Amino acid sequence: MALTITWYGHSTFAVDADGTKIMVDPFLKPNNPVAPVSADEVEADFILVTHGHGDHVADLLPLAKRTGAQVISNFEIATWLGNHGVESAHGMNTGGAGTFPFGRVKLTIAHHSSVLPDGTYAGNPYGFLINFNDGHDVYIAGDTALTYDMKLIGDVGGADLAILPIGDYFTMGPDDAVIAAQWVKAKHVIPCHYNTFPPIAVDADAFARRLAREAGIDCTILAVGESVTL
Ligand code: NI
Ligand code: MN
C-alpha cells in the first residue's frame, strides 16, 4: 500500500494511490510555464479542483473529456463542467466529505477568491483533507491565507502530509506556511505554488530549513517532475 506523489509545478500534483490516478489542479504545459508534461501526456481516474482560477483549471476540460475522469470539486465548478460537456463531476460544499474508491475527501476552508476563466462564478475556494484507504491523511491546502480554521485539522487528527502554498503574493508565504504546518499538525510538508512566475519566487530550501529548525517538521522539496512515495 503506497501513495506516490508527483509534482508538475505550481499546484499541480499527480497522486497514485495503489493504482488509482488522481490529478490535482491540472495546469500543464504549455499553460503552466514550468510543467514538463501536457494534458495529453497524463492519465487520471479522478481530478481534484480546489478553485476556478486559470492557474488551477487551465487544462481541466480537455483532461476530463479525454480521460473520462470524475472531477471532485464544489457545486459551482461541477455545474460549470456540466455546462461544458463534463457530466461526471461531484459538486460538494464546505465541510462536506464524500467516499470515493481511494478514500474519503473533505472540502476544507480556504481564504482566497475564485472565478472561472470565462468569468463564471465559481463559489468558494477550498482545500482538501483526504483520508486515503492506505491510512495516509493528506491535507491539500489549495490557494489560501493562513487561517485559524487550520487548527481544526490539527484537532481532528492532523495530517501525515500537508501540501502548502508558500509563494506569497497570491497565497500565504513561507512565514505563514511554517505556522500552518504546525496548526494542521503535519508530520511532513511539500510546498507548492511558488517559482512559477516572478511574483511568487521563493527560496524553498530556506523554507525547508526553517520548518525543520522552528517546528521539527520534515519537508520535501520536489523538483518539477519529481516524485515521492509515502
Ligand atoms: Ni487562485
Ligand atoms: Mn493559484
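One-based numbering, in listed order, for ligands and for the atoms of each. None of the values given here were measured: they were computed from a predicted structure. Side chains included, hydrogens not; waters and symmetry mates left out as well; all remaining heavy atoms used.
Between the side chains of H10 and N32, no donor N or O sits under 3.5 Å from an acceptor N or O. Neither side chain, T79 nor E76, offers a donor N or O lying under 3.5 Å from an acceptor on the other. A side-chain donor-acceptor contact under 3.5 Å links N93 and Y126. Side-chain contact check for D143 and H51: at least one donor-acceptor pair (N or O, by modelled atom type) lies under 3.5 Å.
Under 2.8 Å from the Mn ion (ligand 2) lies no N/O/S atom of H112, from backbone or side chain alike.
At most 12 heavy atoms of other shown residues, nucleotides or ligands fall within 6.0 angstrom of atom OH in Y169.
The backbone N or O of V49 lies less than 3.5 Å from a partner atom in the side chain of S73, making a donor-acceptor pair.
D143 contributes atom OD2 as its closest N/O/S atom to the Mn ion (ligand 2). Of all N/O/S atoms in H56, NE2 sits nearest the Mn ion (ligand 2). The N, O or S atom of D55 lying closest to the Mn ion (ligand 2) is OD2.
For the Ni ion (ligand 1), protein N/O/S neighbours under 2.8 Å (waters excluded) are H51 NE2, H53 ND1, H112 NE2, D143 OD2.
In summary, D175 and R210 engage in a salt bridge, as defined by a charged side-chain N under 4.0 Å from a carboxylate O. Ion pairing between a basic and an acidic side chain is recognised when a charged N comes within 4.0 Å of a carboxylate O; D160 and K187 show such pairing.
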